[in-house]
Protein chains: 2
Amino acid sequence: MAGREAGSADGRGAGRPGRAGRGAGAEVVPAPGRASAAEVAPVPGSAIRSNEAPTFALPPAVEMLWGVRERSSRGPRRGLSLERIVAAAIDVAQAEGIGGLSMGRVAAELGAATMSLYRYVSAKDELLMLMVDTAMGPPPGPRLSDDGWRAGLSRWAQGARASYQRHPWSLRVPITTPPLGPNMVAWMDDGLRCLAGTPLSEQEKLSSVLLLSGFVRNEATLSLDLRTAASDGHIMPGYGAMLGRLINPATFPSLQRAIDSGSLDDDDDMDSEFDFGLARLLDGIAVLAERPDVPPG
Amino acid sequence: MAGREAGSADGRGAGRPGRAGRGAGAEVVPAPGRASAAEVAPVPGSAIRSNEAPTFALPPAVEMLWGVRERSSRGPRRGLSLERIVAAAIDVAQAEGIGGLSMGRVAAELGAATMSLYRYVSAKDELLMLMVDTAMGPPPGPRLSDDGWRAGLSRWAQGARASYQRHPWSLRVPITTPPLGPNMVAWMDDGLRCLAGTPLSEQEKLSSVLLLSGFVRNEATLSLDLRTAASDGHIMPGYGAMLGRLINPATFPSLQRAIDSGSLDDDDDMDSEFDFGLARLLDGIAVLAERPDVPPG
DNA sequence: GTTCTACTGCGTAGATGGTACGCAGATCTA
DNA sequence: TAGATCTGCGTACCATCTACGCAGTAGAAC
């Protein structure tokens, strides 16, 4: 097993309770398109946890991102900022992969002490979420000339893919919450916008965008894995040949055919793989979008 | 950030070299449908690494799985076996999630010492791969009455989904290599088999199965995430409502429409989500499968 | 049977890394 | 100016992976 750089937080924390909602707060440029702080109903702190009405507590740092939650100006001037921390963390991840990302490493990058970071971020996982949202960047948005849902979604997918390619490490961060960051939410909105003119129901639009987003992420991950494996000089080059030696042609006839056709050894065809999948998906959505029936919505 | 249980090995090993191909070997019931040991060309050890002809070195334990590599019967009788270790590890993962899976924990389960495991598995990652392959189990295989590629692939996808649902932790193991285990390979073959009667080229068949498999995995992961988040009493219940309070309707109009339609709050509709995505994909593949043109293959 | 030796389990120890806790000092409010 | 509040961060503590090497075991070779 060479190519490491896997998931992030191994489930520590099973140990002691921990008071959870500690350090957090930072001056953050409020996300564009947010509801201003005043318009937002106060979010109950995570300390309050009645077991009836489910209270949805955002991670404090995420509230910062959205511009909710001002902080008092008491105390010494802050030496760091959420943005600087996230930026430094992204630098580290970019250079050394998720595996090389440790709180200590990020702190060193900033010339600060490890524990300083915990004034801005309550746990490493939170930092990871912020990093991913930042790395994703804003969605492509509408074109001047609207050229239909298919072209729009295609551009959307290509854009998302490009984002992943620019920040491969973000694919190594497991998704554990629905999209919460401003950028993620903006991407969601943008995808839905592409389908706005179609007869799809809201539910169908949502499902379609979710489907597409999963596809893009998956494809990007696969592509990254291939590249990683290849650059390790490991298994991937000649994967087909290796399988061919392992398997028994009689028992895996279909796979054998694929191997014989050489389809498995065409390296670096992840572009066409992506195009193929995207086309299939859009074709599938088209069946709904171009149906003659009357839509429910 | 409550619900941990994230990735597995954080990228240690960046430290010292390590001699990599150490302890491994076990009596393993050879996988069905394998090429017998005799038929298989010897696989060069990972020590040999000429930089020309790319040598594809399998992890030793995987070679065990395939029935290649006999071990000498010298030395004391072994107290453990790969299978027992993998089974114990799966038990632990099943009960406590990937986050609860440590080599020490597995060893304790077996009444052995931590380091004993390293006689059977060269690293934790290797164990994870074996666990995933085992958990996946064999593919559904052909039905007596062949009812077409669409029904076949549908069954295939449903089966894969069921496997993931039986072993949710397997979704938390990041994929870092192409499918190597006997079960994984069998699933691949089975998917291709479903498409055998269609006019798709080998490349297209392969791409389709890959696409589908990515979809299933993604959908299962999403579903698991939702369930995890919900059972933590966390964000998911009322995600739509929360987003509604965060965003500005004017800036995210499409998303706002989706929220207003209530589509975001329909919990536990991952089944229909899966069905929707699967239908879209199969529709997309159908465009190829039922085209009148002459196939290239 | 005796010796050789590959192989076994596993104790020890090093390294890495997340993060609770609490102190000393800074800055704002009253 | 006193107190409240917040800041950076040093000091542990703990979990975890895994390299190393010892002592003992069981076939093989003679």
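Sequence lines set the chain letters: A, B, ... in the order given, protein chains first and strands last, and positions in each chain run from 1. Remember, it's a predicted structure, so these values are computed and weren't measured experimentally.
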>> Before you tell me yes or no, could you show the steps for B:Leu101 and B:Met131 under side-chain contact (heavy atoms from CB on, under 4.5 Å), namely the whole-Å CA-CA distance, both residues' side-chain angles and the distance that decides it to 0.1 Å?
In response: CA-CA 11 Å; B:Leu101 185 84; B:Met131 290 170 62; 3.9 Å; yes
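- Counting heavy atoms from C-beta outward, B:Ile85 and B:Leu130 have side chains that stay 4.5 Å or more apart.
- We find that NZ of A:Lys124 is positioned 14 Å from C1' of D:dA15, with the value rounded to whole Å.
- The side chain of B:Arg119 sits closest to C:dG9 out of D:dC17, D:dG8, C:dG9.
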What pairs of nitrogen or oxygen atoms, one from the protein and one from nucleotides 26-30 of chain C, lie under 3.5 Å apart?
| from | atom 1 | to | atom 2 | distance (Å) |
| --- | --- | --- | --- | --- |
| C:dT27 | O4' | A:Gly75 | O | 3.2 |
| C:dC28 | O2 | A:Arg74 | NE | 3.2 |
| C:dT29 | O4' | A:Arg74 | NE | 3.4 |

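- Here C:dG17 presents its C1' atom at 14 Å from CG of A:Leu127, a figure rounded to the nearest Å.
- Rounded to an integer number of Å, the gap from OH of A:Tyr118 to P of D:dT11 is 18 Å.
- Taken residue by residue, residues 106-116 of chain B places heavy atoms nearer than 4.0 Å to DNA chain C at B:Ala112, B:Ala113, B:Met115, B:Ser116.
- One can place CE of A:Met103 at 13 Å from C1' of C:dA20, the figure rounded to the nearest angstrom.
- B:Trp187 places a side-chain N or O within 3.5 Å of a backbone atom of B:Gly137 that can act as its donor or acceptor partner.
- Taking atom CG of residue B:Leu80 and atom C1' of nucleotide C:dC7, one finds them 14 Å apart after rounding to whole Å.
- Proximity of B:Tyr120 to the phosphate of C:dG9: a side-chain N or O atom is located under 4.0 Å from OP1 or OP2.
- Here the C1' atom of nucleotide C:dG9 and the CD1 atom of B:Ile85 are 11 Å apart, to the nearest Å.
- Counting only distance, with no hydrogens or angles, the side chain of A:Thr221 and the backbone of A:Arg217 share a donor-acceptor pair below 3.5 Å.
- Shown here are the side-chain contact (heavy atoms from CB on, under 4.5 Å) partners of A:Leu222, two or more places apart in sequence or in another chain: A:Met270, B:Leu210.
- The backbone N or O of B:Leu180 sits nowhere less than 3.5 Å from a side-chain atom of B:Asp133 that would complete a donor-acceptor pair.
- With contacts defined as side-chain heavy-atom distances shorter than 4.5 Å, the pair B:Met103/B:Leu127 qualifies.
- Rounded to whole Å, the distance from CZ on A:Arg105 to C1' on C:dT19 is 20 Å.
- Across all their heavy atoms, B:Ala61 and B:Tyr120 have their closest contact at CB-O, 4.0 Å.
- As rounded to whole Å, 11 Å separates atom C1' of D:dC17 from atom CG of B:Asp125.
- Between the side chain of B:Arg166 and the backbone N or O of B:Ala135 there is no donor-acceptor pair closer than 3.5 Å.
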